[in-house]
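So you know, we letter chains A, B, ... as the sequences are listed, proteins then strands, and number each from 1.
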Amino acid sequence: MNNTDPASTRPLPPGPPLPPEQPGTAHTATGQPGPAAPGGGTLTATQVSAWFGSNKVLEGVDLDMDAGQVTALIGPSGCGKSTFLRILNRMHELVPTASLAGSVLLDGEDIYGRTLRVTQVRRHIGMVFQKPNPFPAMSIADNVAAGLKLTGTKAANRSELIEESLRRAGLWNEVKGRLRDAAGGLSGGQQQRLCIARSLTVRPDVLLMDEPCSALDPTSTRRIEETIDELRGQVTIVIVTHNMQQAQRVSQRCAFFLAAENEPGRIVESGPTTTIFESPKDSRTSDYVHGRFG
Amino acid sequence: MSAQRTVQAGLPPRPLRALAPPRHRPRTLRPGDVAEVAGAVAASGALVWFVYARLLPFSVHVVGIGLSWYALFLLTYALVAWDGHGRVVATDRIMGVVIATAALAAFTPIVAVIGYVVIKGAKVIRPGFFTDNLSVTGPLSAATEGGAVHSIIGTLEQLAIATMISVPLGVLTAIYLSEVKGRLTKPTRLVTDAMTALPSIVAGLFIYSLLILQFHWGFSGFAGSLALAVLMLPTVTIAAEQVLRVVPGGLREASLALGAPHWRTVLSVVLPTARAGLSTAVILGMARVVGETAPMLLTAFGTTTTNTNPFSGIQDDLPLFVFTQIRSSQNTQVQRAWAGALVLLTLVLILFMLARLIGGSRPGKKRRRPSRTPAHSRRVPRAGAGPTTPAPGPTPPDTGPTTKAGPS
């Protein structure tokens, strides 16, 4: 939380360094960041509520997403996980009727404050969507470098950046011979990893993933999970998933969202993933993670 | 069967099951179905012949015979199908026949028009048609004398200027309607929709009364272009807006999530994605105005001499050429009009193909098509050195994008 290092200038190691082994239990349940976070930014959401028109969909969400860690948001459909995720990089406000309350801090800076422009926020906090959405009018290489072009960034070492991003997303070996081909020719899993590579090129501090594997087959899913695992320690990852096993495999921390009937979604319980899955305090969490409802 | 026998003769102990089943293409159309149609056609034809040629004491127009033949065929075929296959199949067959006939009926006039123009125009078209004008061609000259070069130049120039004016305006309006959205969206869309129904002579009158009478511009190709642009604008706008709307919202979100400003998203993601459709929109606009005669009479006026300057002096174009020639007294002039129509038709076709070519090419193949093969053949040797190669630029295939990044 006190890590006020300007995120944009922080250089990332060129290659994928070995992810440091940080068991989720290194952090206390109150969400204080552990010592020496290796990379990424810390996101702190405080009392976040959200509305679509007059319909309240999220209420009083407090959550800390620690630097370099993977935080999984779980819960049944319609409980506000995706809305919460979209609040974290200001995509929520794209819906004309959307409004919100509360604050979200990135390394102590309010992303809804006056000092940050919305484009800066989204550059620092990237997003991968449920459906792979590579730009069909661009080649594979252009897709990866799209973030540079779209944000008006000049890069002298463009091809190195493309390779680095593709390597970090675990796609380099599969596409290195056809970087100029249309991105639409890749398989679904490859497209999704291309989207991850595309998000990584602008060197975000945080990567938000909205059910990134829900449209993919098990092999592609495993590949993406490996990618997430390799990115741990470099980027803070917040992932929405409906897959309990996936949440267990990839995340260090976990937040369980739940919305009672005709009520906005709330966080029932959050904490280290092992705690949420093995010894949850709330009976509803226990029921959900053991597949008894939802 | 014969194949099975020969194999069996060679290898007697092999059981039949081991033989690979013979290959065949599954077909839904069986010979019996074809025979039913043919039989129905023949039966109804025979009946019609009998009724009209042997029974009725008066003769009937050939169209009437054809229509009754078709009606009788439908009836016969329905009965045959019903008897053989039941009510559901009969309904299906009859609907299929009616729909196929309708498609043919819609297709025939187009083919007829094109064929008629080609046959009539090809008779008099000579190379001179593309190099001469009508300045020294009198009413009694042969149809093969003189040409339409002045009209072709005029059409190309006027169409180009009109496109240059209306396409940027139309696409920008479409972007406003589909991407920006504001308080003016509804009125703009209403006015644009209404403008598509604008009679073309009104557009000509507008330019005529405003620029030529009020501001004393004089007749010119440019005045004609402005009238055409007025007509093109709503067509281009509506077509472009439809195309922009079908660009998936996920692409816009992906671009915004990368930190792109709104205008960049539109410019670099939405417009390139809709490129093929946008070129169709442009073509639709051009096709809307390329044959306009009425507004051109009031603005470009028409002439028989070559005027390459669209900004000064009266100018001709192909519709005007056709219009003036076909109303002339001499048969030779009328024939020349058909040649003009053929050139106009060909021009539209060329424009259409050009736009398809520009708009239809996919990103992977665009521009450096020749360099693709080398890039592919390089893949094999690189596979060994691949993963261990350190960062210094992923080999020649990437130099293209790198150099491209500099100026952009």
Side-chain angles (χ1 to χ4, degrees), chain A residues 14-15 89 91 94 96 118-142 145-152 154-160 162-164 166-167 172-173 176-185 195 198-199 201-202 204 208, chain B residues 181 247-265 267-276 362-368 371-372 375-383 386-387 389-408:
Chain A
N89 74 338
M91 297 295 280
L94 289 178
V118 63
T119 49
Q120 285 175 299
V121 169
R122 292 183 188 147
R123 235 193 119 154
H124 289 307
I125 307 174
M127 190 160 193
V128 175
F129 296 84
Q130 183 171 0
K131 211 174 136 218
N133 51 4
F135 300 131
M138 297 184 193
S139 67
I140 293 172
D142 286 345
L148 303 175
K149 185 184 174 193
L150 289 169
T151 55
K154 296 262 190 300
N157 53 344
R158 186 171 177 271
S159 46
E160 287 162 44
I162 290 172
E163 177 170 352
E164 181 202 315
L166 284 170
R167 279 190 193 284
W172 174 249
N173 284 329
K176 64 187 170 188
R178 46 175 172 149
L179 290 172
R180 274 209 218 143
D181 288 7
C195 292
R198 180 176 69 189
S199 312
T201 313
V202 291
L208 310 176
Chain B
K181 295 192 184 93
V247 171
L251 297 181
R252 295 187 184 89
E253 288 204 334
S255 173
L256 292 173
L258 286 169
H262 194 171
W263 66 269
R264 266 278 194 199
T265 303
L267 197 69
S268 302
V269 174
V270 178
L271 288 182
T273 307
R275 206 173 48 137
R362 300 308 313 163
K365 293 178 200 161
K366 74 176 169 194
R367 281 162 300 201
R368 313 183 187 77
S371 77
R372 273 192 81 201
H376 266 281
S377 57
R378 263 196 293 271
R379 201 154 110 196
V380 181
R382 282 209 75 249
T389 320
T395 67
D398 274 23
T399 51
T402 316
T403 46
K404 231 173 61 191
S408 67

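Taking each heavy atom of A/Met138 and B/Val269 in turn, the nearest pair found is CE-CG2, 4.4 Å. Contact between B/Pro261 and A/Leu150 at its shortest, heavy atoms only, is CD-O, 3.3 Å. For the pair A/Thr151 and B/Leu258, the tightest heavy-atom approach, listed with the atom from each and the gap, is CG2-O, 3.4 Å. The two residues B/Leu251 and A/Asn133 come nearest to each other via the heavy atoms CD2-O, 3.6 Å.
For the set B/Ala274, B/Pro272, B/Ala257, the entry with the most heavy-atom pairs within less than 4.5 Å of chain A is B/Ala257. Contacts with chain A were tallied for B/Gly250, B/Ala254, B/Pro248; B/Ala254 has the most, counting heavy-atom pairs under 4.5 Å.
In this structure, no portion of A/Leu148 lies under 4.5 Å from any heavy atom of chain B.
In this structure, the side chains of A/Phe135 and B/Ser255 come closer than 4.5 Å at one or more pairs of heavy atoms.
The salt bridge (Lys or Arg N to Asp or Glu O under 4.0 Å) analysis of residues 118-130 of chain A, with sequence neighbours excluded, yields no pairs.
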